[in-house]
Engineer: 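Quick one: structure below, then a few questions.
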Amino acid sequence: MVTQTTAPRTAQGGPPLGVLGVVVTALFIAGLVLGTALAGGTPFPSPFGEAGPIVAYFQDHTLAVRVGGAFQFAAAIPLAIYAATASARLHHLGIRAPGATIALAGGLLAAAFLATSGLISWTLSEPGAHDFIRPLQLLAFAAGGPGHVVPLGLLLAGIAVPGLLAGLLPRWLAWAGLAVAAAELATLSLLLEGAAYLLPIARFAGLAWLIVVGFKLPLHRPRLNS
């Protein structure tokens, strides 16, 4: 009698997480660099500055604003893919706790707010929006600042906690993710102008952490030898 053997199925790991993290970061930084270069080195105005220079910036540097908004929107797409892939990876690794779902929800919210901020910034580059520069800039800041950074912290925490408890990540890396996930404090920037300095710190530290974790999170859970 001939017996037929089948090769074990290989679980689909999805897109490489590390590469997705690099793409998200590269697109976001490219938008900042190109926007500043196209504006002749003039930095993007703070939403807390005086109205006159802010209005002048958006009227004089429409191409810089448009390019920056387009790249910001583009960065949101691979971020959403990262969140979905990381959540699926955690489920495949046997994580049944809420962490995987929290990571997915936080990542999708972070991507949605980042995309919204990019689209609002693109809108600011249109001449017809010049009568609404201040409210649109504040809305773009709210979406791309705390609206994006706070749920980004949920994405980090949703990966870091099961990564720590299940031994999927080096302990130092998991604890670093939990430290950066304290980006929830960036919510204070909606109430206190001085707290806005937390936003870039949490944003870039979070993106760097996602890149490292993307290359460290295993495809398969290691088997313990009895």
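Here the structure is a predicted model, which means the values were calculated and not measured.
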Engineer: Could you tell me whether the side chain of Ser87 and the main chain of Ala100 form a donor-acceptor pair under 3.5 Å?
Structural biologist: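 Looks like yes, one N/O pair under 3.5 Å.
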
Engineer: A quick test of your reading: do over 12 heavy atoms of other residues, nucleotides or ligands sit less than 6.0 Å from CZ of Phe215?
Structural biologist: yes

Engineer: Check Ala202 against Val149 and note the closest heavy-atom contact, atom names and distance.
Structural biologist: CB-CG1, 3.6 Å

Engineer: Without swapping roles, check the side chain of Arg66 against the backbone of Glu126 for a donor-acceptor pair under 3.5 Å.
Structural biologist: no

Engineer: What pair of heavy atoms forms the shortest contact from Ala181 to Gly153, and how long is it?
Structural biologist: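 For Ala181 and Gly153, the tightest heavy-atom pair comes out as CB-O, 3.4 Å.
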
Engineer: Taking side chain as C-beta onward, heavy atoms only, is Tyr82 less than 4.5 Å from Val213?
Structural biologist: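 In short, these two side chains touch, coming nearer than 4.5 Å.
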
Engineer: So, taking the atom named CZ in Phe132 and the one named CG in Leu138, what distance separates them when rounded to the nearest 0.5 Å?
Structural biologist: 14.5 Å

Engineer: Counting only N and O atoms by type, is there a donor-acceptor contact under 3.5 Å from the side chain of Arg203 to the main-chain atoms of Gly144?
Structural biologist: yes

Engineer: Is there a side-chain contact between Leu210 and Leu155, using heavy atoms and a 4.5 Å cut-off?
Structural biologist: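 In short, these two side chains touch, coming nearer than 4.5 Å.
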
Engineer: Quick one: does Leu207's side chain get under 4.5 Å of Ile29's, heavy atoms only?
Structural biologist: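 The answer is no, as the side chains (C-beta and beyond) never meet within the 4.5 Å cut-off.
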
Engineer: Just how far is it from atom CD1 of Ile120 to atom CG of Leu139, taken to the nearest 0.5 Å?
Structural biologist: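 One finds 3.5 Å between CD1 of Ile120 and CG of Leu139.
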
Engineer: Taking the side chain as every heavy atom from C-beta outward, state whether Trp209 and Leu173 have any atom pair closer than 4.5 Å.
Structural biologist: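 Yes - at least one pair of side-chain heavy atoms lies under 4.5 Å apart.
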
Engineer: Taking CZ in Phe204 as the centre, count heavy atoms belonging to other residues, nucleotides or ligands within less than 6.0 Å. Is the count above 12?
Structural biologist: yes

Engineer: Would you kindly confirm whether Trp175 and Val161 end up in one hydrophobic cluster when ILVMFWY residues are joined by side chain heavy atoms under 4.5 Å apart?
Structural biologist: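 Result: yes, single cluster for both.
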
Engineer: Any chance you could measure Thr85, atom OG1, to Leu104, atom CG, to the nearest 0.5 Å?
Structural biologist: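 CG of Leu104 is found 10.0 Å from OG1 of Thr85.
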
Engineer: For residues Leu154 and Val150, determine if any side-chain heavy atom of one lies less than 4.5 Å from a side-chain heavy atom of the other.
Structural biologist: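 In short, these two side chains do not touch, never coming nearer than 4.5 Å.
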
Engineer: Does a side-chain heavy-atom distance below 4.5 Å link Leu169 with Leu164?
Structural biologist: no

Engineer: Shortest non-hydrogen contact from Tyr57 to Pro43?
Structural biologist: CE1-O, 3.6 Å

Engineer: To check you understand the geometry: which heavy-atom pair defines the closest contact between Ser117 and Ala140, and what is its length?
Structural biologist: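 Smallest heavy-atom distance, with atoms named: OG-O, 2.9 Å.
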
Engineer: Count the heavy atoms belonging to other residues, nucleotides or ligands that lie under 6.0 Å from CZ of Phe113, then report whether that count exceeds 12.
Structural biologist: no

Engineer: Kindly say whether Phe58 contributes a backbone atom to a donor-acceptor pair with the side chain of Gln137 at under 3.5 angstrom?
Structural biologist: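 No, Gln137 side chain to Phe58 backbone: no donor-acceptor pair under 3.5 Å.
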
Engineer: For Thr62, which residues count as a side chain to side chain donor-acceptor pair (under 3.5 Å) partner, sequence neighbours excluded?
Structural biologist: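 Testing Thr62 for side chain to side chain donor-acceptor pair (under 3.5 Å), a comparison that skips the adjacent residues, returns none.
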
Engineer: Between Ile81 and Ile159, is there a shared hydrophobic cluster once you connect ILVMFWY residues whose side-chain heavy atoms come closer than 4.5 Å?
Structural biologist: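 Yes; tracing contacts between hydrophobic side chains, which count when under 4.5 Å, links both residues.
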
Engineer: Report yes or no: do Leu217 and Trp172 belong to one cluster of Ile/Leu/Val/Met/Phe/Trp/Tyr joined by side chain heavy-atom distances under 4.5 Å?
Structural biologist: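 Leu217 clusters together with Trp172.
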
Engineer: Measure the CG-CD1 distance between Leu17 and Ile211 for me, rounded to the nearest 0.5 Å.
Structural biologist: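 Output value for this atom pair is 11.5 Å.
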
Engineer: Taking atom CG of Leu109 and atom CG of Leu152, what is their separation to the nearest 0.5 Å?
Structural biologist: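 With rounding to 0.5 Å, CG (Leu109) is 11.0 Å from CG (Leu152).
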
Engineer: Within the side chain of Ser125, is there an N or O that forms a donor-acceptor pair under 3.5 Å with the backbone of Trp122?
Structural biologist: yes

Engineer: Can you confirm whether Arg89 sits close enough to Leu168 that some side-chain heavy atom of one is under 4.5 Å from a side-chain heavy atom of the other?
Structural biologist: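 In short, these two side chains do not touch, never coming nearer than 4.5 Å.
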
Engineer: If you group Ile, Leu, Val, Met, Phe, Trp and Tyr by side-chain heavy-atom gaps below 4.5 Å, do Leu136 and Val67 land in one group?
Structural biologist: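 They do not share one cluster, since no chain of ILVMFWY contacts under 4.5 Å joins Leu136 to Val67.
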
Engineer: Could you grab the distance from atom OG1 of Thr101 to atom NE2 of His91, nearest 0.5 Å is fine?
Structural biologist: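 Thr101 OG1 to His91 NE2: 4.5 Å, rounded to 0.5 Å.
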
Engineer: Within a 6.0 Å radius of atom CZ on Arg96, are there more than 12 heavy atoms belonging to other residues, nucleotides or ligands?
Structural biologist: yes

Engineer: For residues Gly69 and Ser121, report the shortest heavy-atom separation together with the two atoms involved.
Structural biologist: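 Taking Gly69 first and Ser121 second, the nearest heavy atoms are CA-CB, 3.8 Å.
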
Engineer: Determine whether Phe48 and Leu199 fall in the same hydrophobic cluster, where Ile, Leu, Val, Met, Phe, Trp and Tyr are linked whenever their side-chain heavy atoms lie under 4.5 Å apart.
Structural biologist: yes

Engineer: Does Leu114 reach the side chain of Phe28, with side-chain heavy atoms less than 4.5 Å apart?
Structural biologist: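 Yes, side chains in contact.
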
Engineer: What is the minimum heavy-atom distance between Ala110 and His148, and which atoms define it?
Structural biologist: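 Looking at all heavy atoms of both residues, the shortest contact is O-ND1, 2.9 Å.
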
